[in-house]
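Written out below as structure tokens is the structure these notes cover.
All residue numbers in this chain count up from 1 along the given sequence. Order of listing sets the numbers, starting from 1, for every ligand and every atom in it.
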Amino acid sequence: MLKIIYSKTKEEAGKAAANIIAKQLKVKPDSVLGLATGSSPIGMYSELITMCKNGKISFKNVKSVNLDEYVGLSPEHDQSYAYFMRKNLFDHVDINLENTNLPSGLATDPEEECKRYDEVVASMGGVDVQVLGIGNNGHIGFNEPADIFPYGTSVVELTESTINANSRFFASRDLVPTKAISMGVGQIMSAEKILLIALGEGKAEILERSLFGDVTPRVPASILRFAKDVTVVADEAALSVIIEKHPEAISK
Ligand code: F6R
């Protein structure tokens with residue numbers, strides 16, 4: 001089942017996405033959330049912080065697994081995803097930090113770290129809602145365009161396009177890590193529900209290709225067409241190509 005929710009602005013999209021998570025936490029306060037970093041979920045996290053501060057939701061019994069982490073960055077590095085999660089969500093809500101999980105960027109043996117993370121994900125007993133962004137090249141997590149869809153956690157070489165996109169957060173392009181540890185496409189697809197957030201016109205073409213083009217590991221997000229329950233929350237800019245080609249597919 002694929003549902004595409006239209007929001008005029010990215011602020012509205014943040015609210016729409018936060019409402020989906022809030023509803024999930026009302027129904028199942030001990031949900032397992034699969035979390036993403038990057039610019040796309042920031043508005044949603046900020047709404048969730050407000051809801052939690054207002055007592056509307058609680059993360060007290062929530063467990064989380066994050067999609068990915070850069071190889072080589074410590075949790076204290078301000079561009080690490082561990083740092084991002086504390087700054088944008090964990091430090092401002094009532095989640096127990098012991099129930100939050102990310103791959104370790106500092107593991108001396110990243111391959112071993114992938115095995116450990118596979119066990120962490122398996123020990124959750126299933127992700128209830130997996131939050132995703134989408135890369136300009138269609139990546140989900142850091143599963144870059146490839147010949148196959150990887151099932152489990154792996155060490156990935158980031159593509160030039162991803163390194164360029166991410167260099168906006170670093171002082172110079174040379175400082176952007178070239179590798180990451182990412183949950184696999186199979187693990188992402190195992191979630192009960194998937195919530196994909198896409199914002200800005202830079203995502204418009206790849207979003208349309210992912211949701212309406214061929215299912216191929218060359219466009220990793222295209223696999224979401226085979227997921228059991230996918231909700232796409234996007235702003236008008238990210239939906240512009242879909243609005244033009246498939247207006248009937250959008251719920252307003
Ligand atoms: C981040 C992640 C990535 C991003 C994607 C989009 O944890 O897994 O797949 O979701 O690169 O990034 P933004 O949201 O910055 O455009």
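- Counting protein heavy atoms only, atom 1 (C) of ligand 1 is closest to Thr37 OG1, 3.2 Å.
- In the vicinity of Ser39, heavy-atom distances shorter than 4.0 Å reach the ligand 1 atoms 13 (P), 14 (O), 15 (O), 16 (O).
- Closest non-hydrogen pair, Ile140 versus Gly133, comes out as CG2-O, 3.9 Å.
- The nearest protein atom to atom 10 (O) of ligand 1, hydrogens excluded, is given as Gly133 CA, 3.3 Å; this is a heavy-atom distance.
- Ion pairing between a basic and an acidic side chain is recognised when a charged N comes within 4.0 Å of a carboxylate O; Lys115 and Glu119 show no such pairing.
- At most 12 heavy atoms of other shown residues, nucleotides or ligands fall within 6.0 angstrom of atom CD in Glu201.
- Ranking the protein heavy atoms by distance from atom 8 (O) of ligand 1 puts Asp68 OD2, 2.6 Å first.
- Remark: Asp30 does not engage Lys60 in a salt bridge, criterion side-chain N to carboxylate O under 4.0 Å.
- Close approach of ligand 1 to Gly141 is summarised as follows: ligand atoms under 4.0 Å from at least one heavy atom of the residue are 2 (C), 3 (C), 8 (O), 9 (O).
- Under 4.0 Å from ligand 1, the heavy atoms of Leu67 that appear belong solely to its side chain.
- One finds a salt bridge joining Asp128 and Lys28 here, because a Lys/Arg side-chain nitrogen approaches an Asp/Glu carboxylate oxygen to under 4.0 Å.
- The protein heavy atom nearest to atom 5 (C) of ligand 1 is His139 NE2, 3.4 Å.
- Within ligand 1, counting atoms from 1 as listed, the ones closer than 4.0 Å to a heavy atom of Lys203 are 6 (C), 13 (P), 16 (O).
- Set against the non-hydrogen atoms of Arg168, the atoms of ligand 1 under 4.0 Å away are 15 (O).
- Taking 4.0 Å as the cut-off between side-chain N and carboxylate O, Arg173 and Glu160 count as a salt-bridged pair.
- For the ligand labelled ligand 1, residue Glu144 lies outside the 4.0 Å heavy-atom shell.
- Under 4.0 angstrom from ligand 1, the non-hydrogen atoms of Ile134 all belong to its backbone.
- Classification of Glu113 and Arg116 as a salt-bridged pair holds, one side-chain N sitting under 4.0 Å from a carboxylate O.
- Pairs engaging residues 130-140 under the salt bridge (charged side-chain N to carboxylate O under 4.0 Å, His left out) rule: none recorded [sequence neighbours left out].
- Remark: Tyr83 engages Asp78, Ser80, Arg86, Lys87 in a side-chain contact (heavy atoms from CB on, under 4.5 Å) (not counting sequence neighbours).
- Considering both main-chain and side-chain atoms, Phe169 never comes within under 3.5 Å of ligand 1 through any nitrogen or oxygen pair.
- For atom 14 (O) of ligand 1, the closest non-hydrogen atom on the protein side is Ser40 OG, 2.5 Å.
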